[in-house]
Each structure stands twice: as C-alpha cells, then as structure tokens.
*Asks:* 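Before I ask anything, let me first share the structure, which is written out below as structure tokens.
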Amino acid sequence: MEALLRKELESSVVKASGHSGGGCISQGQSYATDSGLVFVKINHKSEARRMFLGEMASLEAILRTDTVKAPRPIKVIDQPGGGALLVMGHLDMKSLNRHSATLGEQLACLHLHNQRLREKQTNESGIVGKGPGQSDLQHVDRFGFHAVTCCGYLPLVNDWQEDWVTFYTRQRIQPQIDMIEKSSGDREARELWSQLQLKIPEMFTDIDIVPALLHGDLWGGNVAEVESGPVIFDPASFYGHSAFELAIAGMFGGFGGSFYSAYHAKIPKAAGFDKRLKLYQLFHYLNHWNHFGSGYRGSSLSIMRSLVK
C-alpha cells in the first residue's frame, strides 16, 4: 500500500499514522506524506472506482459552495489486485456534539446555494456589463448530477430531468423496486408500488421545488465535527428536493433538536412535509433491503401501505 501511495502521490514518505476508520462498505487509514496527513479509503469491490469517482465529484461540488466543511478529495487510485482507493485530506474528526445547530444552519445554506445563485444571476442579467459568464458557478435548473454516485455500493441513476416527481419516481424508487423484483420477486412490494406511483404526483401539488445540491446520504454516521465546526463526508450527491436530505437523518438518529431548529429556521416545512418525508424514507428502506436483505422488507412495505391509504 505504501509503495503504491508513494508512486501515485509522488511522495518520498508515506507512513501509516494510526488513524483508522471505516464502515460496512469501505475501510480507511491515515498516512503521513510529504505534503501532510491524508486519509485513504479502501474498497476491494470491482465497482470501487466508479463509487469513489462519484464520491470525489460529490465532495468537489459541496466544497465549491463554500457552505459546509467536507474532506478535500485528492485522487482515486486503482489497486493492482482489484478495487480502488480514494485519497483525501485528513481531518481530525470527532462525534458531532457542540456544533449540531451549526450543521443545521450550514446544511440549509448548502441547500439554498443553488437558489441563491439563480437569484443572483437573474439580478445580474439586468445590469449592463453583467451576464451569466460573470460567476464561477452557474445555477442548475434540473434534477440529477453530472456523475454516477452510489448510496452504499449500489449506483444511482442521476440522468438529468426537468421534473422532480419524474426524477424521484423513475430514478430513485423504480430502480430499487426492480432490484427487489429481480432478487426475490416480492409480489406485495410490486403491487403496493403499482398503487403508490399513481398517488405520488398529488403529494407535490402547490409546492415549488428548486433543485438543491444534496449530500444524499446524510445519516448520523456521515457527520462529525472538528474544532472549527461541523463536517459532512461520504456523500452521494445530486440536485434534488432539499427535504429528501432529512429522510435518512430521521431514520437512524444522531441529529438533535438544535439541528432541526436551525435548519428549519432557514428552510421552513412546507404543507405536506411529513407525508413527503415518508416517501423519501421509502427510498432508503428499499436501498437497505437491497443492500442488507429482507430485514428491511417490513419497514418498506409498511411505508407503502401508509402512503396508498
């Protein structure tokens, strides 16, 4: 490992630092190099390069907004024996605690960033000498992402769509249902989904959804803090509805009341928020079903039953 990193990072010194971590998808290790500490994520699956390139694109997009701290991606490296590495700047992270409210505020700023870009560029277009070429970042007016990303190790369909309901139905829920159908042929899941997809459009009447850059997998294990403030990592970004972000956040804990209060002070709940949140949680339960097995079947079907009533 050290020899590969020395070559790819053009560093004369690469030495394991003792900082390690990881989850159920990838493992990680920090290394001292000529240019400072780096953190290296390691995955041996054949799809690891695609997964890490999506994560790198996600981190780059988040960092460009200058709203919330995230690791600085450096390079994706192929492993000779298969799999890949993602090299990032090392951050001395600890569990989120005193910066919970700040995370709520900064996450809302991340979600509002594209809308504010649109407003700024609309205002500039009416000023002589100003035009869309004046800003480094251009606002995004569709739903999707410019790279394949993975929520876990399964790839997401991020093709650009003009309409959020179309994007979410066809490119988030339908692929998960298709995987369940292929693996188990679950009849009840198929029948419930055929009823639910007809009801989804009515959940979005009288709501204007501006594409927001999302982390995409914001559960308690993907947030932390450093001395200066909160950190988010392991993203699966795309431009979607800001409320989607809060779905998995509420499923597995880790976010206190101060987080939600700070977030909703900037982005208040719209009418129908709770029902849409259930719809967004459905994606994550289905995704967990496809990753980890039928232990998540009951929760997935329960949500669908409640939404088709």
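The basis for the numbers below is simple: all heavy atoms, side chains too, and nothing from hydrogens, waters or symmetry mates.
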*Asks:* Can you give each donor-acceptor pair under 3.5 Å made by side-chain atoms of residues 283-293, sequence neighbours left out, with the distance rounded to 0.1 Å?
*Replies:*
unit_1 : atom_1 : unit_2 : atom_2 : d
N287   : OD1    : Q176   : NE2    : 3.3
N287   : OD1    : H291   : ND1    : 3.4
N287   : ND2    : C151   : O      : 3.1
H288   : ND1    : H284   : O      : 2.8
N290   : ND2    : Q176   : O      : 3.1
N290   : ND2    : Q176   : OE1    : 2.7
N290   : ND2    : L286   : O      : 3.3
H291   : ND1    : N287   : O      : 2.9
H291   : NE2    : Y153   : N      : 2.9

*Asks:* Quick test of your reading: applying salt bridge (charged side-chain N to carboxylate O under 4.0 Å, His left out), list the pairs with at least one residue in residues 58-87, sequence neighbours left out, ordered by first then second residue.
*Replies:* E8-K75, R49-D78

*Asks:* In the structure I gave you, are the side-chain heavy atoms of V210 and D208 within less than 4.5 Å of one another anywhere?
*Replies:* yes

*Asks:* Can you find a heavy atom in the side chain of N114 that is under 4.5 Å from one in the side chain of L213?
*Replies:* no

*Asks:* So does V14 get a backbone contact from the side chain of T33, meaning a donor-acceptor N/O pair under 3.5 Å?
*Replies:* no

*Asks:* Using modelled atom types only, decide if a donor and an acceptor are shared between the side chain of Q171 and the backbone of D159 within a distance under 3.5 Å.
*Replies:* yes

*Asks:* Can you find a pair of side-chain heavy atoms, one from L214 and one from S237, that are under 4.5 Å apart?
*Replies:* no

*Asks:* Look only at the side chain of T169 and the backbone of T166, and say whether a donor-acceptor pair between them is shorter than 3.5 Å.
*Replies:* no

*Asks:* How are the rings of H241 and F204 set relative to one another: parallel (under 30°), tilted (30 to 60°) or perpendicular (over 60°)?
*Replies:* perpendicular

*Asks:* Same cluster for L96 and Y260 if Ile/Leu/Val/Met/Phe/Trp/Tyr side chains link at under 4.5 Å?
*Replies:* yes

*Asks:* Among pairs that include at least one residue of residues 287-309, which meet salt bridge (charged side-chain N to carboxylate O under 4.0 Å, His left out), considering only residues two or more places apart or in two chains?
*Replies:* D186-R297, E188-R297, E188-R305

*Asks:* L156 versus R172: any side-chain heavy-atom pair under 4.5 Å?
*Replies:* yes

*Asks:* Holding to salt bridge (Lys or Arg N to Asp or Glu O under 4.0 Å), I want the full list of residues that pass it with R170, two or more places apart in sequence or in another chain.
*Replies:* none

*Asks:* Could you check whether any side-chain heavy atom of S58 comes within less than 4.5 Å of a side-chain heavy atom of F145, counting everything from C-beta outward?
*Replies:* yes

*Asks:* Are K278 and D274 close enough that some pair of their side-chain heavy atoms sits under 4.5 Å apart?
*Replies:* no

*Asks:* Please check if the side chain of S302 supplies one atom and the backbone of G298 the other of a donor-acceptor pair under 3.5 Å.
*Replies:* no

*Asks:* Parallel, tilted or perpendicular: which describes the rings of F259 and F255, with under 30° parallel and over 60° perpendicular?
*Replies:* tilted

*Asks:* Does L63 reach the side chain of P73, with side-chain heavy atoms less than 4.5 Å apart?
*Replies:* yes

*Asks:* List the atom pairs, donor and acceptor, that lie under 3.5 Å between side-chain atoms in residues 219-235 and the rest of the protein, sequence neighbours left out.
*Replies:*
unit_1 : atom_1 : unit_2 : atom_2 : d
N222   : ND2    : D217   : O      : 2.9
E225   : OE1    : N97    : N      : 2.9
E225   : OE1    : R98    : N      : 3.3
E225   : OE1    : H99    : N      : 3.1
E227   : OE1    : R98    : NH2    : 3.0
E227   : OE2    : K94    : NZ     : 3.4
D234   : OD1    : K41    : NZ     : 2.9

*Asks:* By the definition ring-ring contact (aromatic ring centres under 6.0 Å, His included), identify the one residue from F244, F238, W160 that meets it with F167.
*Replies:* F238

*Asks:* Tell me yes or no: between the side chains of H215 and E245, is some donor less than 3.5 Å from an acceptor?
*Replies:* no

*Asks:* List the atom of G240, the atom of W164, and the distance in Å for their closest heavy-atom pair.
*Replies:* CA-CZ3, 3.4 Å

*Asks:* Under the salt bridge (Lys or Arg N to Asp or Glu O under 4.0 Å) test, which residues partner E191, sequence neighbours left out?
*Replies:* R187

*Asks:* Salt-bridge test for E2 and K15: reply yes if a basic N is under 4.0 Å from a carboxylate O, no otherwise.
*Replies:* no

*Asks:* Between the side chains of E119 and N123, is a donor N or O closer than 3.5 angstrom to an acceptor N or O?
*Replies:* no

*Asks:* Could you pull out the closest heavy-atom pair between L279 and Y168, with the gap in Å?
*Replies:* O-OH, 2.7 Å

*Asks:* Going by atom types alone, do S30 and H90 pair a side-chain donor with an acceptor below 3.5 Å?
*Replies:* yes

*Asks:* Are the side chain of Q121 and the backbone of H139 linked by a donor-acceptor contact shorter than 3.5 Å?
*Replies:* yes

*Asks:* Within the structure provided, determine whether L5 and Y31 are in side-chain contact (heavy-atom separation under 4.5 Å).
*Replies:* yes

*Asks:* Is there a path of hydrophobic side-chain contacts, each under 4.5 Å between heavy atoms of I, L, V, M, F, W or Y residues, that connects V13 with L85?
*Replies:* no

*Asks:* Counting N and O atoms only, with roles assigned by atom type, does the side chain of Q281 sit under 3.5 Å from a partner on the main chain of A247, one being a donor and the other an acceptor?
*Replies:* yes

*Asks:* Going by an N to O cut-off under 4.0 Å, is there a salt bridge joining E124 and K120?
*Replies:* yes

